[in-house]
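Please read the structure below before turning to the comments.
The analysis underlying the following values was restricted to heavy atoms, covering all of them including side chains, and did not include hydrogens, waters or symmetry mates.
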Amino acid sequence: MSSGKPLNHELSKLLNELWDADENRLSPGTDYVISLQGRAGFVQAGSNRAQDCAREPLFKYVNEERLKSIKTYEAFIALLDNYEMSTGITEDVTPEEEAENNRFLSAILDTKVMKVAHDYLVNKKLVRPGLADFKRLLYRIWFQLYSRDGSRGGDSCGFEHVFVGETKRGKEMMGFHNWVQFYLQERRNNIDYKGYVARQKKCGPDEDDQVLSLQFSWKELVKPIGSSFIGVSPEFEFAVYTVVFLMSNEKVTRAVVRVEEYELELVVYRHGKYIGTSYPVLLSTNNEDLY
């Protein structure tokens with residue numbers, strides 16, 4: 001499937017550098033095992049009823065000892081219970097939660113991935129050279145609260161939407177594009193994986209693919225299509241989406257890139273000065289039209 005946009009060669013080069021620098025990426029079949037099972041069916045917009053085409057969970061195995069031994073994953077996981085699930089409810093960020101946010105940012109800024117991203121952004125004159133300034137910028141665009149549905153209080157932020165997931169006043173699932181959160185919620189029986197998403201008459205994904213489109217329910221609310229990287233580190237996703245966000249002032253930025261064997265469209269929505277949402281869309285793998 002072509003997005004109609006030309007390949008961004010410069011961004012592709014950077015993303016391959018980030019991919020190679022991602023020392024904390026988990027390996028499919030070794031560090032984790034997934035079971036894709038059936039192709040998901042069509043779900044009507046606004047409906048929370050979906051045919052279950054996967055009897056088993058998506059994740060058959062994840063090396064949790066490895067996850068907990070990596071500083072960035074440990075710091076990331078600590079943030080996942082800091083948010084109200086529904087918009088319309090003002091978030092209350094405690095001093096402890098603010099400290100957890102900063103601890104996570106400090107951890108990812110100490111990785112090769114974020115150093116590559118920071119160097120690129122400095123060379124493009126999109127950020128200042130100092131890491132302290134870069135950390136403040138990351139905090140603002142990812143963790144600054146704002147109103148997603150027009151209510152008075154800050155009820156959302158980029159991090160919550162993309163990595164944790166949230167609901168539109170408890171009735172519609174939004175965001176939720178992170179594999180670690182998916183695994184943890186599935187393990188707690190909060191997620192029911194329904195199957196992979198692919199176009200009719202096209203072959204499905206492989207279980208070692210590290211970009212997937214999935215259908216699932218989260219606490220009874222259905223996500224008809226949710227696209228995510230699988231197995232990559234939190235710092236890799238932060239680096240990728242931050243670069244795409246900062247390279248454009250458009251309301252929506254769509255960049256087509258080739259990373260390893262994947263051709264992707266990276267999608268980033270702005271919410272003013274902050275990240276609204278961001279996710280990958282797999283266009284093809286091994287230069288073949290899969291989706």
Salt bridge check: are [X] and [Y] linked by an N-O gap of less than 4.0 Å?
| X | Y | value |
| --- | --- | --- |
| Asp133 | Lys135 | no |
| Glu64 | Lys68 | yes |
| Arg258 | Glu263 | yes |
| Lys112 | Glu235 | no |
| Arg103 | Glu96 | no |

With a 4.5 Å cut-off on side-chain heavy-atom distances among I, L, V, M, F, W and Y, is there a chain of contacts connecting [X] to [Y]?
| X | Y | answer |
| --- | --- | --- |
| Tyr32 | Tyr193 | yes |
| Leu246 | Val240 | yes |
| Met174 | Phe163 | no |
| Val93 | Leu105 | no |

Is there a side-chain contact between [X] and [Y] in this structure, where contact means two heavy atoms from C-beta onward sitting under 4.5 Å apart?
| X | Y | value |
| --- | --- | --- |
| Phe76 | Leu80 | yes |
| Tyr262 | Gln210 | yes |
| Val257 | Glu265 | no |
| Leu121 | Phe134 | yes |
| Leu264 | Val211 | yes |
| Thr253 | Glu250 | yes |
| Leu18 | Phe236 | yes |
| Ile34 | Leu36 | yes |

Worksheet entry | Gln215 (side chain) donor-acceptor with Ala40 (main chain) under 3.5 angstrom |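 No, the answer is negative, given that no donor and acceptor are paired below the 3.5 Å cut-off.
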
Which distance, rounded to the nearest 0.5 Å, do you find between the [atom1] of [X] and the [atom2] of [Y]?
| X | Y | atom1 | atom2 | value |
| --- | --- | --- | --- | --- |
| Leu14 | Trp19 | CG | CH2 | 14.0 Å |
| Thr167 | Glu172 | OG1 | CD | 9.0 Å |
| Lys194 | Asp52 | NZ | CG | 4.5 Å |
| Lys124 | Asp119 | NZ | CG | 14.0 Å |
| Leu67 | Tyr183 | CG | OH | 7.5 Å |
| Thr242 | Tyr120 | OG1 | OH | 13.0 Å |

Item to complete: Begin from the C-alpha positions of Leu138 and Leu109 and carry the test side-chain contact (heavy atoms from CB on, under 4.5 Å) through to its verdict.
Response: CA-CA 10 Å; Leu138 291 173; Leu109 285 171; 3.9 Å; yes

Worksheet item: Any chance the side chains of Ser156 and His161 put a donor and an acceptor closer than 3.5 Å?
Response: no

Discussion item. Quiz question: by atom type and distance under 3.5 Å, do the side chains of Asn102 and Tyr139 form a donor-acceptor pair?
Written reply: no

Worksheet item: For Phe182, what residues pass the ring pair (Phe, Tyr, Trp, His ring centres under 6.0 Å) criterion, not counting sequence neighbours?
Response: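 Residues passing ring pair (Phe, Tyr, Trp, His ring centres under 6.0 Å) with Phe182: Phe216.
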
Fill in: Test side-chain contact (heavy atoms from CB on, under 4.5 Å) applied to Leu11 and Val244, step by step
CA-CA 9 Å; Leu11 195 57; Val244 176; 4.1 Å; yes

Discussion item. Apply side-chain contact (heavy atoms from CB on, under 4.5 Å) to residues Glu260 and Asn16 and explain how you reach the verdict.
Written reply: CA-CA 7 Å; Glu260 289 287 297; Asn16 278 283; 4.2 Å; yes

Got a list of side-chain donor-acceptor pairs under 3.5 Å for residues 266-275, not counting sequence neighbours?
residue : atom : partner : partner atom : Å
Tyr269  : OH   : Arg254  : NH2          : 3.3
Arg270  : NE   : Gly272  : O            : 3.4
Arg270  : NH1  : Phe245  : O            : 3.0
Arg270  : NH1  : Ser248  : O            : 2.8
His271  : NE2  : Ser147  : O            : 3.3

Worksheet item: For Lys13 and Glu17, what are the C-alpha separation, side-chain angles and deciding distance, and is it a salt bridge (charged side-chain N to carboxylate O under 4.0 Å, His left out)?
Response: CA-CA 6 Å; Lys13 181 176 182 293; Glu17 291 176 15; 2.8 Å; yes

Item to complete: Determine, step by step, whether Glu207 and Val33 satisfy the side-chain contact (heavy atoms from CB on, under 4.5 Å) criterion, reporting the C-alpha distance in whole Å, the side-chain angles of both residues, the deciding distance to 0.1 Å, and the verdict.
Response: CA-CA 8 Å; Glu207 293 180 345; Val33 177; 5.7 Å; no

Without placing hydrogens or testing angles, list every side-chain donor-acceptor pair under 3.5 Å for residues 222-230, not counting sequence neighbours.
residue : atom : partner : partner atom : Å
Lys223  : NZ   : Gly175  : O            : 2.9
Ser227  : OG   : Ser213  : OG           : 3.0
Ser227  : OG   : Pro280  : O            : 3.4
Ser228  : OG   : His177  : O            : 3.3

Fill in: Over all atoms of both residues, closest heavy-atom pair of Arg39 and Cys53
O-SG, 3.3 Å

